[in-house]
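Worksheet for the structure shown next.
Start at 1 and go down the list; that is how both ligands and their atoms are numbered.
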Amino acid sequence: MPSGLRDNNLKTSRHPLPPQWTLLGCGALGGVFASLLTLSGQSTRVLLRDRHRATLHPGIDFTSLEGHTQLLAIERGFVSQPGQIKRLLVMTKANQVVPALTPLVGQLAAGIPIVLLHNGMGIAEQVVQLFPHNPVIASVTSHGAMQSGHFVFRHTGKGETWLGPVNEAAKGYAYLADELATALGQAGWDEQILTRQWQKLAINCAINPLTALYKLKNGELAGPRFADALQQICVEVADVMQVEGQAASQEELLRRVMMVVEMTADNYSSMYQDLELGRETEIEAITGFLLAKAAQHGIAVPVNQGLYQAIKEKQ
Ligand code: KPL
């Protein structure tokens, strides 16, 4: 179908077996991933909180990167009656991961993989404590997504997605990346996922607080006005990464940040959107995590500290 056209025929698929993917959290990125998985033929269900039981669910209104809008029938379930889960993809905000997963303690058979996809760090370790018998997998993505209404999602940027093991039980689950790749175009498995998490943390420390505080699109961080701040943020993150055993140069981090600024120039960061909508931001899991690590090692991170404080005051 040519771009910009709307296809109003509800796409349905009947799967007698439990869905391959159960998604917990259906915000902008969760909605886009659910849509892409469904379109790739992988049966997908979104698990919602029980307070959404009364809300209408006509399906997902999904607009692709090419501007093609269609209605997708996606099964929904509720956390109190999760049904059979084969693999769980958790796409809530960082601060919601543990509260959203807690009702599922005792409901997931040992061996069912839990894939975590959120900004920030420090959450996966808590999930391992909650689910000691399940493979826990961390992931990072640079796909862009927007939500413009109830179950209305737009894919705004094609990016990379990487998965890797958090605990021993998760080794050997690389095939999950292959399955996601068929939906996302690319997805890889990396045993050193921690390094990629740190690199993504640097990007989020740089882009999210600045765009949220100054009410800017990501692309507006390019140019001289924010050059010093971005550089300083990367110097501080690189300092902490080094003592955490992660090889990192501030030039490399800054190069990655500027690449994302350019690639997502037209997007509003998630922290900008959260502040605008009066929602709790992910500042604790992003800059808060960096500050906690810096404090443990006695490293000064004044620029990140200032941004953290400023976001906390606003939210
Ligand atoms: O992850 C993001 C976010 O907004 O949370 C970036 C990479 C900054 C893209 O907007």
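Contact between N267 and ligand 1 is absent, with no heavy atom of the residue lying under 4.0 Å from the ligand. For Q273, the heavy-atom gap to ligand 1 stays at 4.0 angstrom or more.
Ligand 1 places these atoms under 4.0 Å from at least one heavy atom of N204: 1 (O), 2 (C), 3 (C), 5 (O), 8 (C). Numbered from 1 in the order shown, with element, the atoms of ligand 1 that lie under 4.0 Å from a heavy atom of S269 read 4 (O), 10 (O). Heavy-atom proximity to N119, at under 4.0 Å, picks out these atoms of ligand 1: 1 (O), 3 (C), 5 (O). Of all atoms in ligand 1, numbered sequentially from 1 with element shown, those under 4.0 Å from a heavy atom of V260 are 7 (C).
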Inset, instruction - For H143 and L29, run side chain to side chain contact (heavy atoms under 4.5 Å, CB included): C-alpha distance rounded to whole Å, both residues' side-chain angles, the deciding distance at 0.1 Å, then the answer. - result: CA-CA 8 Å; H143 277 269; L29 207 53; 4.2 Å; yes
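Across T264, T156, N218, heavy-atom proximity to atom 10 (O) of ligand 1 is greatest for N218.
Annotation: atom 8 (C) of ligand 1 to nearest protein heavy atom, N208 OD1, 3.2 Å.
Side-chain N or O atoms of D190 include none that pairs as donor or acceptor with a backbone N or O of R196 at under 3.5 Å. At least one donor-acceptor pair under 3.5 Å links the side chain of R45 to the backbone N or O of P82.
Considering backbone and side-chain N/O atoms, S270 comes within less than 3.5 Å of an N/O atom of ligand 1.
A distance below 6.0 Å separates the ring centres of Y214 and F226.
A 6.0 Å sphere centred on CZ of R154 holds no more than 12 heavy atoms belonging to other residues, nucleotides or ligands.
Residues L23 and G30 come closest through the heavy atom pair CD2-O, 3.3 Å.
Contact annotation for E282 and ligand 1: no heavy atom of the residue comes within less than 4.0 Å of the ligand.
For the side-chain hydrogen bond (donor to acceptor under 3.5 Å, both in side chains) with N218, the lone residue among N208, N267, T264 that qualifies is T264.
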